[in-house]
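As structure tokens, the structure follows; a few thoughts come after it.
Below, read A as the first sequence line, B as the second, and so on, with proteins coming before strands; counting in each chain starts at 1. Since the model is a prediction, treat every value here as computed from it, not as a measurement.
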2 protein chains.
Amino acid sequence: MRDSNTDLRVIRTRESIRNALVELIEEKGFEAISVKDITTRAKINRGTFYAHYQDKFDLMTKCEEEIMLEMSRIAKQNFPSVIAALETNSPTVTPFPLVVSVFEYLNENSGFMKAVLGPKGDLSFQTRLKDFMWKTMFGNNSEALVKEENLLVPGQYLASYISSAHIGVIQQWLNSGRKESPQEMARILSTITANGPMFAAGLKK
Amino acid sequence: MRDSNTDLRVIRTRESIRNALVELIEEKGFEAISVKDITTRAKINRGTFYAHYQDKFDLMTKCEEEIMLEMSRIAKQNFPSVIAALETNSPTVTPFPLVVSVFEYLNENSGFMKAVLGPKGDLSFQTRLKDFMWKTMFGNNSEALVKEENLLVPGQYLASYISSAHIGVIQQWLNSGRKESPQEMARILSTITANGPMFAAGLKK
DNA sequence: TGAAATAAACAACAGGTTGTTCGTTATTAT
DNA sequence: ATAATAACGAACAACCTGTTGTTTATTTCA
């Protein structure tokens, strides 16, 4: 069996489809896009599209899965250092390496990420991203980062708070032109999360 | 000219349209809904729908505007007490009355709010809601709650962080069956926001 | 290099949704 | 009671969808 992933025609077609998708999401929003829009923009036949994807949702899902897979890889890679930093109980404001890595990855894929996380993007992806962060924080894999018995508030709300907040900041960064470096963004997020929004606002202590 | 807003037929039709909308959003998601779905569920003629709304987006917008208007009214009403609480600089963990009022309002309109803020809801509404919270915090009306010169992080990211976090917690509350009272939710949000997520997680101090 | 494999292009289809416009029926407000 | 009008049913052209069958162009390997 020939490997269709190395066929130059296949690669070219898929790339132009995905570029068209990103453009169209930013222009009219994912839900308003038709398959015809995509194929017209990508300059391919509509039948060719259906040879690669079931429909626009299938296309979207496959693009998103690649992102999630890579995020998961980054998380696993940086997990040991995060656990170590927490156990030393150091009052470090040093941006966690994990957060820096994530922002560097977002920076590389900013075209797609901006579109899909933007105001006309795909809500279900945001939901999955939050679930992913939730599991990363409270996940049962090995020792959980956070222990339920020490919480001052219900765990589900704390997880929602943190993951929503972080995604919100990422969205703002992508939409305002990514002027800050990944390191600076990690510092911002760490400052707010470690000391609290009120402290970061200069309204406390 | 007769007032079409008091005609019983009009009221009845609009109500059944909106009930159908809420049901269908929770079932299949806003984007997947067709006008035909709505009219079939509402048991009205399709032509009648177009006599009231331009399309499904127009319907959605009009429903959302009512919500935003009422939220704005609640915010304005509770503004004085929030400013007073901040100026006394009291380390109060008392849930701000504003937050309690908002949760009480969300509780009353939980059907629509759960649908529209849920995983199959309307992303543009979330965006507008964040903008609204942003303006409420940094708004130029009278004295702003937060002053730019005291911030430890850029204002735009702090605002994104806080508003996204709060909406995230609201979504979690709506989706998990609203088991906590509005007062309890206000306490949870105040605890995390005042002392920071790390503190609320039992990982600090 | 030449033949086999296969991706892409093209065209035509049935089925569904959209937004609009008729004349008709039923309900409402006064 | 009656004039006003909301809602109805039916029909319409236009569009998008997803599928199928055929032809053309490119790639791969013997």
Checking side-chain polar atoms at under 3.5 Å, does [X] have a donor or acceptor matched by the opposite partner on [Y]?
| X | Y | value |
| --- | --- | --- |
| A:Arg12 | A:Ser16 | no |
| A:Gln126 | B:Gln126 | no |
| B:Ser34 | B:Asp37 | yes |

[X] [atom1] to [N] [atom2], straight-line distance once rounded to whole Å:
| X | N | atom1 | atom2 | answer |
| --- | --- | --- | --- | --- |
| A:Asp55 | C:dG16 | CG | C1' | 16 Å |
| B:Asp7 | C:dA26 | CG | P | 17 Å |
| A:Ile11 | D:dT26 | CD1 | P | 16 Å |
| B:Arg14 | C:dT28 | CZ | P | 16 Å |
| B:Arg12 | D:dT5 | CZ | P | 18 Å |
| B:Ile33 | C:dT18 | CD1 | P | 11 Å |

Regarding C:dT27, can its base be found pairing with the side chain of B:Arg9 as donor and acceptor, where the two atoms are less than 3.5 Å apart? yes
Rounding to 10°, can you tell me the angle the first-five-pair axis of the helix from C:dT1-D:dA30 to C:dT30-D:dA1 makes with its last-five-pair axis? 40°
Of the listed nucleotides D:dT17, C:dA8, C:dA26, the one nearest the side chain of A:Ser34: D:dT17
Tell me which residues in residues 35-53 of chain A put a heavy atom below 4.0 Å from DNA chain D, sorted by number, or none. A:Val35, A:Lys36, A:Arg46, A:Tyr50
Given 3.5 Å as the limit, does a donor-acceptor pair link the side chain of [X] with the main chain of [Y], or not?
| X | Y | answer |
| --- | --- | --- |
| B:Asp58 | B:Asp55 | no |
| B:Trp134 | B:Ser163 | no |
| A:Ser72 | A:Met68 | no |

Does A:Phe57 have any ring pair (Phe, Tyr, Trp, His ring centres under 6.0 Å) partners at least two apart in sequence or in another chain, and if so, which? A:Phe30
With B:Thr13, the side chain to side chain contact (heavy atoms under 4.5 Å, CB included) member among B:Val10, B:Ile11, B:Ile17: B:Ile17
What's the separation between atom CD in A:Gln172 and atom NZ in B:Lys130, rounded to the nearest 0.5 Å? 9.5 Å
